[in-house]
Amino acid sequence: MSGKGVDDDLDLDLFTDTAVGDVRDPYPDYAEGRRDRPVEFVQFYGQGSHRVYRYADLDRILREPETFSSEVYGQSMGLVMGPTILGMDGHEHHTQRGLVAHAFRRKALEEWTVSLIEPTVNELIDRFAGKAEADLVRQFTFLFPIRIIAKMLGIPSEDYGRFAKLSIELISIAVDIQRGFEASAALREYFSQIVEERRRDPQGDLISSLATVEVDGERLPDEHIYGFLRLLLPAGAETTYRLLGNLLFGLMTNTSQLDEVRADRSLIAPAIEEALRWESPVQFVARGTTRDVEIAGQAFTAGTPLTLCLGAANRDDTVFEDPDRFDIHRANARDHLAFAEGPHRCLGEHLARAETTAAMNALLDRLPGLVLDPGHTDPHVHGLAFRSPTALPVRFRPGG
Ligand code: HEM
């Protein structure tokens, strides 16, 4: 895996493939769903499941893992990723999450912010800061979290592009399952060499941590290390790139709020929470019922697959006032379910916030006068399963 430049293999269209569904505005349907059909049977890429729309129902389901199991991921993502904490329940989930959470401890994150996140962000901005215009999706948001995860894992820089491409192909299973299986096998082979090397000679990276960590005398089985590594890039990169895109879009289409954030950087934190609520990067999570149960007054038998619509819950007007408005001063934005809730709540949420904060600060510092390019028509957020803008053409004063 070498011989190419860092981003040579990266193709935004690969990510766009996985957005499954060129949907511009699902929110009127979601509002109707919340009001009239709070649990609705829907076919999605040939698979039927019941979609759940209301905030209160999602919150309850996510916090009741005994009744609403995550093992359903075994029939989708699990096919290509192998065993991951995403698809585990109960004791197994608790123990294995404990092992990997060790590698995401806060101390490591603080070090990574200075040693890795900020330099990565600035390296990318160096490429266009002198030019007065850019497409921030192709030239920045799409590229930065992939590089950060690859560096955290300790993957050699000449392999980043290939690694990212395989990881994206892996989660394109809804579009091309064969491509997903091939990518899964190639990633296993690639990781197995690195895991062996790091076990012999540990470095300060995440693969070394995973290869050597022990809690209560338990070590992660190799297949689980590969599973976790296969999960990390899509979990950490596809999502964070979309969050930053949505945040930039929200601010640049509400320019008085952008001015406020530029002047007072403490507003980046609430702006991130509002972006997560307003356009949630991950729109659906899956669960399956383990017993007969009622949801929103409807009865369901054990074994019913459910799709929890995070994007619909985050615009629930019984929780968020005027929910379609982007408002960085919204008092309860942090109550969003964009990182889910309960035992599977996103393991990388602090990392995602740290990356997005560093990126936003650097963009505001280095691209003075940043605005959406008025010469370009119609940049907008799109997607069904994942949502973000496909382009962010911008102008700014060069030289930062
Ligand atoms: C804005 C960025 C992100 C969003 C919106 C997001 C969203 C989510 C959601 C909704 C879940 C729950 C899935 C479920 O319950 O079925 C989740 C779980 C997870 N996320 Fe994130 N994520 C983000 C960033 C990250 C990052 C940066 C990483 C790590 C590098 C990461 C790693 C994980 C892992 C490992 C899980 C599985 C946790 C478990 O099952 O216990 N995520 N994420």
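First listed ligand is number 1; within each ligand, the first listed atom is number 1. Below, each value reflects all heavy atoms present in this structure, side chains not excepted, and no hydrogens, waters or symmetry copies.
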Salt bridge (charged side-chain N to carboxylate O under 4.0 Å, His left out) contacts touching residues 43-53 (sequence neighbours left out): none
Parallel, tilted or perpendicular, judged at 30° and 60°: which one describes the rings of F339 and H336? tilted
Which word best sums up how the rings of F142 and Y241 line up, parallel for under 30°, tilted for 30 to 60°, or perpendicular for over 60°? perpendicular
Check W278 against D324 and note the closest heavy-atom contact, atom names and distance. NE1-O, 3.0 Å
Give a yes/no verdict on a cation-pi contact between R315 and Y27, requiring under 6.0 Å between NZ or CZ and the six-membered ring centre and an angle within 45° of the axis. yes
Sequence neighbours excluded - ring-ring contact (aromatic ring centres under 6.0 Å, His included) pairs with any residue from residues 354-376: none
If you measure every N/O of T240 against every N/O of ligand 1, is any gap under 3.5 Å? no
Can we call the ring centroids of F191 and Y226 under 6.0 Å apart? no
Please report which non-hydrogen protein atom sits nearest to atom 15 (O) of ligand 1, along with the residue it belongs to and the distance in Å to one decimal place. R287 NH2, 2.8 Å
Could you check whether D378 pairs with R24 (Lys NZ or Arg NE/NH1/NH2 to Asp/Glu carboxylate O, under 4.0 Å)? yes
Test side-chain hydrogen bond (donor to acceptor under 3.5 Å, both in side chains) applied to D292 - qualifying residues, sequence neighbours left out: none
Looking only at protein heavy atoms, identify the closest one to atom 10 (C) of ligand 1 and say how far it is in Å. A338 O, 3.4 Å
Looking only at non-hydrogen atoms, which of Y241, Y73, F284, F68 approaches atom 16 (O) of ligand 1 most closely? Y73
Candidate pair H329 and E274, rule side chain to side chain donor-acceptor pair (under 3.5 Å), full reasoning: CA-CA 8 Å; H329 299 295; E274 176 64 350; over 6 Å; no
Protein heavy-atom partner closest to atom 30 (C) of ligand 1 - residue, atom, separation in Å: I149 CD1, 3.3 Å
What part of L243 sits under 4.0 Å from ligand 1 if we count only heavy atoms: the side chain, the backbone, both or neither? side chain
What are the atoms of ligand 1, with element, lying closer than 4.0 Å to any heavy atom of H93? 39 (C), 40 (O), 41 (O)
Polar atom proximity, R97 to ligand 1 (N or O, under 3.5 Å): yes
Please could you name the atoms of ligand 1 that A340 approaches to less than 4.0 Å, counting only its heavy atoms? 10 (C), 12 (C), 15 (O)
Spell out the protein N/O/S atoms under 2.8 Å from atom 21 (Fe) of ligand 1 as residue plus atom name. C346 SG
Heavy atoms only: which of L337, L86, T356 is nearest to atom 13 (C) of ligand 1? L86
Identity and separation of the nearest protein heavy atom to atom 40 (O) of ligand 1: H344 ND1, 2.6 Å
Tell me whether the guanidinium CZ or amine NZ of R277 lies under 6.0 angstrom from the six-membered ring centre of F320 and within 45° of its axis. yes
